[in-house]
Amino acid sequence: MSTLGMALAILGAALAACLAGAGSAVGVGLAGQAAAGVVTEDPNKFSKVLVLQLLPGTQGIYGLLVAFICLSNIGIIGGAPAEMSLVKGAMYLAACLPMAIAGYVSACYQGRASVASIGLVAKKPDQFGKSMIFPAMVETYAILALLVSILAIMGVGNASF
Amino acid sequence: MAVLQMQRISLCALKKDRKAILETLQRRGVVEISDVALEENDNFFQKSDTVQAKQGFDRNVTLANQALDVLDTYAPVKTSMLSMFEGRTPVTVQQFQDRVQKREHALAQASKLTSLSKKLAEAKAEIVKRRTQLDALEPWMQLDVSLRFTGTKKTAAFIGSFPEMLSSEEIYSRIAQHAPDADISVDCISTSTEQVCVFIVTHICNAQAVENALRASGFVRPASPPKEPPAQRKQVLEQYISQAQAEITSIEKEIVSMADAREELRFLIDDMAMRSEKYEMIGHLAQSRRAFILSGYIPKRYSAALEEELSRNFDVAISFSDPSEEDDAPVLLKNSPFAEPVEGVLASYSLPGKGEIDPTSIMCIFYYVFFGMMLSDFAYGAIIFLGTLFVLTKFKNMEQGLRSSMKMFCFCGFSTMFWGILFGSYFGNVVDQVAQTFFGVTLPAGGHVINPVWFEPLNNPMKMLTFCLFLGLIHLFTGQAINGYLCLKQKRFKDFLANSVFIYMLVGGAILFGLSTEMVCSILGVMQNGAPLLSASVGSIFGWVALIGAVGIICTAGSAKNPLAAAGLGAYALYNNVTGYLSDLLSYSRLLALGLATGVIGTVINQMGAMGGPNVIGAVLFIVVFLFGHLANLGINALGAYVHTNRLQYVEFFGKFYEGGGRPFEPFAAHTKYYKFKED
């Protein structure tokens with residue numbers, strides 16, 4: 001029994017929420033600057049550029065999701081914290097890392113793709129459908145990381161160490 | 001599945017009927033007019049230049065729009081949030097004609113409104129100007145002579161300011177430094193941290209010396225001093241301001257009194273926009289002295305009715321013909337009410353190109369299913385479903401595009417409700433949370449008040465993932481099947497083998513072979529009684545099938561004369577297909593990820609809301625957190641579901657068979673903003 005194991009598991013959850021959230025903040029912030037510029041020229045494009053601005057925001061939510069699943073699995077949320085070995089805690093930490101790292105990087109770059117797509121919509125508003133796809137391509141990798149993190153956390157939860 | 005068949009239409013008629021014929025075509029809105037190709041040096045037919053006339057109409061539209069803006073600013077009409085759904089007002093042709101008879105009057109009204117708004121701006125600028133002057137005068141208010149006062153016969157007066165805070169002693173000593181012999185009297189009119197305003201008197205004989213001294217010590221005369229003493233001047237300025245204010249009030253009143261012109265202006269805008277389009281079309285016609293020729297495209301289903309109507313009323317010669325291979329015929333889609341709403345999704349990718357089919361009716365099923373799975377919450381689905389249903393039933397007159405989107409989300413909402421029930425999600429876990437927190441119900445671990453009809457994805461993510469990938473496989477294979485169908489239709493049998501038969505064998509065989517191995521089955525969680533789903537012998541058969549498919553692709557997919565080069569290209573195609581299918585399939589895991597995200601975040605919101613405990617404050621907190629939290633969650637997840645459903649169609653599904661590139665059908669029609677014609 002080790003309290004360090006619990007600390008590592010919480011560190012994992014915190015990293016997932018922090019890094020993915022920070023990436024989303026960067027991405028949404030970048031896109032927001034571009035979107036505001038477009039709206040000064042043409043306020044009618046507000047709803048379109050808002051959608052594009054929000055696209056890099058999902059990583060933060062995925063990070064929250066992973067953190068939540070992790071925290072509820074180890075009993076910090078909605079239950080008594082169970083005893084945990086050092087190895088198991090480290091496994092939780094490792095399970096959270098895909099979401100933390102891929103979430104951060106993909107959100108930053110998705111923000112850049114969103115900026116470019118906002119520029120596209122500013123010039124050709126009728127191409128809105130296509131412009132959404134470019135940022136959504138980047139998000140694929142965040143989704144894959146989310147999947148791996150969820151499956152890994154579930155797996156670690158069932159493992160006995 | 002229908003791209004409407006287009007026909008070329010050629011029409012020849014007398015010039016005296018030109019206006020009436022064009023107006024008929026514009027009201028029907030079923031013909032796209034294209035440029036009639038004229039031979040060079042055609043002595044008989046010519047085109048008229050209508051650019052100037054069109055610009056004239058466009059200018060009027062701009063003027064009337066400005067006038068409407070003025071009216072909307074000063075005499076706004078109260079509109080509800082829902083008014084955006086109302087659509088254009090239907091009028092009969094006769095009503096429209098009656099109203100636009102008075103277009104001169106409407107134009108005059110528009111000019112009057114714009115000139116009034118110009119006057120208003122001037123009056124407002126006047127007030128700002130006078131206020132600035134008042135501010136500049138403020139420090140001088142205690143002075144009872146004019147700022148231009150320079151002295152009497154025997155005295156010289158200097159009125160001005162020092163740009164710093166000085167006491168009168170300091171001023172005396174500064175002047176004394178430069179003009180020690182002069183007797184002066186300094187009155188400080190006002191003092192602030194930025195400047196001190198002074199009135200200095202001296203004997204006339206010292207005037208020059210004092211002036212030099214003042215200049216050396218930073219004294220500044222006021223810019224453009226008024227004739228009257230400050231107090232009087234203030235009154236004058238205030239009078240100017242109140243005059244300007246009165247003018248503003250009277251102009252605003254006048255603008256408000258013209259509020260009735262709004263309707264007239266709207267008719268004017270629509271009328272001018274229609275005429276502008278009509279004149280643009282006239283520029284496309286070939287015209288002789290007494291006749292004209294029109295050419296364009298018409299969907300075949302409308303051609304008979306149009307021919308009948310035109311030949312009944314006018315002397316015309318109409319002929320229809322099927323477009324030739326070189327013609328760039330426009331594309332118009334027609335689908336069942338269930339599939340039609342998704343046409344917009346297809347159009348925003350690209351309309352079907354030559355020889356392609358309209359995939360809307362197949363795509364729509366996947367569209368609704370995927371959207372529902374990604375949002376997968378009964379309550380969210382119900383909100384979307386009921387909201388759009390309300391709008392659809394309340395506003396029968398809604399414009400076509402908006403109506404389609406509403407219908408699409410209505411179907412999507414229904415699908416979301418369906419999946420929500422299957423996966424047992426109602427605002428996340430709100431039922432359990434409320435029952436536990438406020439009604440003291442104790443649930444066993446993993447128990448629910450309302451159990452999911454099928455299973456709970458969070459507790460069994462592998463099962464959900466397997467299901468998602470299975471749906472993805474169906475989606476991809478459907479796309480592949482359409483590809484095969486197109487190959488057969490165009491008699492490209494080799495491509496049919498390479499793009500359909502062998503790919504089915506390869507992918508299908510490989511997957512079924514996988515299901516006979518313990519590794520794949522245990523990952524996917526489809527073991528039966530501890531053994532793989534398929535026995536090893538069956539599996540090996542499918543393994544061979546996959547191998548045949550792979551070899552087949554290598555042999556058929558490459559098209560080069562040199563057999564080795566062809567095989568190389570084929571091997572490359574095989575590699576592309578294998579990696580492509582792998583990544584495409586994995587892409588469907590977003591169905592699981594987004595579905596989980598909605599449910600888990602909803603649960604987090606409920607837990608946060610319940611932190612206040614089972615008391616009144618706790619209940620209030622719960623309601624507040626519940627409302628805002630779920631609104632935000634619904635918004636962001638509906639957006640995610642929409643974007644990623646589109647992506648699955650555009651990238652994974654269309655990637656298998658669809659290229660697009662069709663040109664949308666843009667008929668000559670009444671593209672109005674406020675009124676539309678109803679059939680008499």
Side-chain angles (χ1 to χ4, degrees), chain A residues 17 24 28 47-48 50-73 77-79 99 110 114 117 124-155 157-158, chain B residues 344-350 374 429 433 436 445 457-462 464-465 468 523 583-584 586-594 596-608 610 632-633 635-652 654 660 664:
Chain A
S24 278
V28 175
S47 58
K48 285 183 179 171
L50 183 71
V51 168
L52 290 171
Q53 192 205 344
L54 281 178
L55 288 180
T58 36
Q59 277 85 346
I61 295 173
Y62 299 154
L64 173 73
L65 181 67
V66 166
F68 180 80
I69 293 179
C70 183
L71 291 178
S72 73
N73 244 19
I77 301 180
M99 190 64 248
Q110 194 175 356
S114 274
S117 283
K124 297 198 166 167
D126 49 322
Q127 298 300 314
F128 178 58
K130 286 171 201 161
S131 73
M132 274 192 315
I133 295 304
F134 300 121
M137 291 300 230
V138 186
E139 186 159 332
T140 304
Y141 305 99
I143 292 176
L144 295 181
L146 168 67
L147 195 70
V148 170
S149 280
I150 290 179
L151 294 179
I153 291 172
M154 294 294 190
N158 297 332
Chain B
V345 176
L346 182 78
S348 70
Y349 182 81
S350 189
M374 290 192 202
N429 66 345
Q433 191 73 50
Q436 283 177 318
L458 191 58
N459 292 344
N460 202 345
M462 275 323 297
M464 182 66 187
L465 182 63
C468 291
I523 289 181
S583 63
D584 283 353
L586 280 179
S587 184
Y588 289 86
S589 63
R590 74 189 67 229
L591 293 173
L592 161 70
L594 290 168
L596 277 187
T598 318
V600 172
I601 292 166
T603 306
V604 175
I605 292 166
N606 295 335
Q607 287 193 347
M608 286 195 311
N633 193 26
I636 198 140
N637 279 298
L639 172 66
Y642 172 66
V643 169
H644 287 282
T645 311
N646 277 0
R647 182 223 138 104
L648 285 180
Q649 309 295 345
Y650 289 173
V651 181
E652 275 75 19
F654 286 172

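Keep in mind the model is a prediction, meaning the values are calculated, not measured. In what follows, every heavy atom counts, from backbone to side chain, and hydrogens, waters and symmetry copies are set aside. Below, read A as the first sequence line, B as the second, and so on, with proteins coming before strands; counting in each chain starts at 1.
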*Got a donor-acceptor contact below 3.5 angstrom from the A:Lys130 side chain to the B:Ser348 backbone?*
no
*asked:* With a 3.5 Å distance limit and no angle check, can you tell me whether B:Asn633 reaches the backbone of B:Thr598 through a side-chain donor-acceptor pair?
replied: yes
*Relative to chain B, which segment of A:Glu139 carries a heavy atom at a distance below 4.5 Å: side chain, backbone, both, or neither?*
side chain
*Given a strict heavy-atom distance threshold of 4.5 Å, which part of B:Tyr650 is in contact with chain A: side chain, backbone, both, or neither?*
side chain
*Heavy atoms from other residues, nucleotides or ligands near CZ of A:Phe128 exceed 12 (cutoff 6.0 Å)*: yes
*Can you tell which part of B:Leu596 gets under 4.5 Å to a heavy atom of chain A, answering side chain, backbone, both or neither?*
both
_At a 4.5 Å cut-off on heavy atoms, which part of B:Val651 comes close to chain A: side chain, backbone, both, or neither?_
side chain
*Using a cut-off of under 4.5 Å for heavy-atom pairs, which of A:Asp126, A:Leu144, A:Leu146, A:Leu147 has the most such pairs with chain B?*
A:Leu147
*Would a 4.5 Å heavy-atom cut-off, applied to side chains only, mark B:Asn459 and A:Met154 as touching?*
no
*Could you tell me whether a side-chain N or O of A:Ser114 sits under 3.5 Å from a main-chain N or O of A:Leu52, the two making a donor and an acceptor?*
yes
*Could you name the residues of residues 53-61 of chain A that have a heavy atom within less than 4.5 Å of a heavy atom in chain B?*
A:Leu54, A:Leu55, A:Ile61
*B:Leu594 versus chain A, heavy atoms under 4.5 Å apart: side chain, backbone, both or neither?*
side chain
*Would you find a donor on one side and an acceptor on the other, under 3.5 Å apart, between the side chain of A:Asn73 and the backbone of A:Ile153?*
yes
*Examine distances only and state if a side-chain atom of B:Ser587 and a backbone atom of B:Ser583 form a donor-acceptor pair shorter than 3.5 Å.*
no
*Do side-chain atoms of A:Gln110 reach the backbone of A:Val138 as a donor and acceptor pair under 3.5 angstrom?*
no
*Distance-only, no hydrogens or angles: does the A:Ser117 side chain make a donor-acceptor pair with backbone N or O of A:Ser131 under 3.5 Å?*
yes
